[in-house]
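Counting starts at 1 for both ligands and their atoms, in listed order.
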Amino acid sequence: MIQEIKEIRRVKIDKSSILFKLWKSFVFFAGLILISIWLFQTVFLSSFYETMKIREVTKVGNELRNDYKSQDFETKLSNYANTKGLEIKVLDEKGAWVFPLRLFDEFVERPRMIWENFDKFFGSLKRDNRIYKIYTVRYENLKDPSIIYAGYLGNTDGEDYYLYINSVLKPVDATVDVIRRMLLIISFLALIFASITAYFVSRRLSRPLVRMSNTAKELAKGDYKVQFRKGEYTEIDDLSNTLNYAKNELTKTIEMRKDLVANVSHDLKTPLTVIKSYGEMIRDISGSNEKLRNKHLETIISEADNLTDLVNDLLDLSKIESNLEEIRKEEFDLEDSLNEVLNRFKINKNYSDYKFEIDSSGDTRILGDRSKINQVIYNLINNAINYSPVNKNIKILIKGNERETEFHCIDKGIGIKEEDIKGIWDRFYRVRNNHTRPEIGTGLGLYIVKTIMDLHGFKYGVHSKINEGSDFYFIANK
Ligand code: ADP
């Protein structure tokens with residue numbers, strides 16, 4: 001029963017889907033255009049038509065008035081009357097028709113305009129000191145209103161002549177009716193077209209998104225081989241690039257984490273095995289032999305140190321990763337920091353055969369988080385020691401000016417291959433098969449350095465050549 005309800009629900013329109021939203025916009029847009037057309041033709045068409053007519057009649061009237069004295073005035077007059085369907089007359093000052101004349105008009109008395117009308121149209125011109133006037137009138141014998149142009153032509157042989165143009169405003173109702181019907185059909189078609197277009201456009205739009213969401217589901221299930229496919233749009237391409245990038249980073253981290261677990265387990269197991277077996281040896285063999293016992297105890301202590309280093313690295317990493325600590329900047333001397341760190345190495349007998357050369361010049365003060373910078377120095381020197389099994393001379397260069405201080409840790413150790421340099425700053429990354437002391441190193445040291453440098457905004461890097469040595473450096477601001 002519940003299953004059925006779910007099925008029915010799924011058929012319901014999803015109001016936040018691309019399809020629905022696009023359809024809404026299309027219909028809204030089509031609707032807006034249709035409403036404007038409806039409004040225009042029902043409300044404005046009549047008045048628009050009248051204005052057009054007035055403009056046309058005025059134009060013809062004014063042109064004719066200008067041409068009054070020209071030779072072909074009468075031809076023009078009849079031309080206009082024919083082509084534009086206008087009633088055009090020329091009247092004298094008594095209201096009698098002068099043009100057009102019909103033959104018999106010469107013999108009988110010429111027709112005239114009712115004086116009342118003549119006075120209303122033309123008499124008022126003089127009174128109001130105007131050259132022409134436009135009227136909209138409704139003649140009793142005509143159904144439709146007319147537009148009248150009444151203009152003064154000029155004076156010939158002491159008599160004034162006037163121009164009368166009449167244009168009947170034919171009703172637009174019939175046209176409007178046709179347009180209205182057409183609009184009804186158009187509205188209906190527009191709605192159908194909008195729906196069809198919305199359907200196809202939205203399908204095209206959402207297809208790559210649906211595909212991506214399916215791929216993401218696969219990824220969530222743990223299939224890291226999936227690829228986000230590119231789609232038909234730039235935005236989709238960008239999105240799939242970003243997702244692929246995120247996926248690659250995720251995969252890298254997961255791979256590295258796997259490596260770390262393997263490494264850490266190994267790194268934990270080896271010293272623990274050594275500690276256990278040396279403990280047993282002390283219990284069973286060297287317990288009463290002081291010299292041998294001390295030698296065994298030394299090994300136990302050194303292995304315990306290795307374990308401590310490993311745990312410390314892991315702690316540093318988890319602290320940095322969870323961003324628990326913030327940078328607390330203070331001004332301090334980098335050379336002092338170096339000495340503090342070196343002392344930690346010097347008291348450890350394992351490093352007694354390493355020689356540290358310090359070359360410090362200029363103003364070596366910097367502005368940074370002292371304990372974090374100490375850690376950076378520690379990690380760099382620690383690496384220099386770990387990866388310099390033969391030539392045990394390590395040079396530390398500190399060079400300051402008024403803006404920044406450079407720190408270099410230069411060793412003559414095994415160096416790094418060019419293709420490996422890019423990866424060494426990643427977390428858990430270890431150049432394979434070159435560990436001189438495989439029990440040391442978690443692949444975290446340089447990642448911690450990188451994170452601290454980035455937090456400070458300091459520049460850092462490495463110059464290294466395989467079998468020649470490395471120069472790890474950073475440039476701290478004041
Ligand atoms: P690890 O704990 O393995 O030393 P790091 O992050 O400190 O991890 O270093 C990453 C890798 O970079 C190391 O495994 C090593 O191969 C390489 N590396 C770091 N420092 C040096 C160096 N001074 N000389 C040669 N290789 C180095």
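Heavy-atom contacts of Asp411 reach the following atoms of ligand 1: 22 (C), 23 (N) (cutoff under 4.0 Å).
Looking at Leu446 against ligand 1, both its backbone and its side chain come within 4.0 Å, counting heavy atoms.
The CZ atom of Phe345 lies 10.5 Å from the CD1 atom of Ile377; values are rounded to the nearest 0.5 Å.
Looking at Tyr354 and Asn393, their side chains never bring a donor and an acceptor atom within 3.5 Å of each other. Ser195 and Trp23 share a donor-acceptor pair across their side chains, judged by distance under 3.5 Å alone.
Contact annotation: Ser470 has at least one heavy atom less than 4.0 Å from an atom of ligand 1.
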Using atom types as modelled, flag every donor-acceptor pair under 3.5 Å from a side chain in residues 276-292 to any protein atom, sequence neighbours excluded.
from: Ser277; atom 1: OG; to: Thr273; atom 2: O; distance (Å): 2.8
from: Ser277; atom 1: OG; to: Val274; atom 2: O; distance (Å): 3.1
from: Ser286; atom 1: OG; to: His296; atom 2: ND1; distance (Å): 3.0
from: Asn289; atom 1: OD1; to: Lys291; atom 2: N; distance (Å): 3.2
from: Asn289; atom 1: OD1; to: Leu292; atom 2: N; distance (Å): 3.2

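Looking at Tyr447, Trp425, Tyr387, it is Tyr387 that brings a heavy atom closest to atom 21 (C) of ligand 1.
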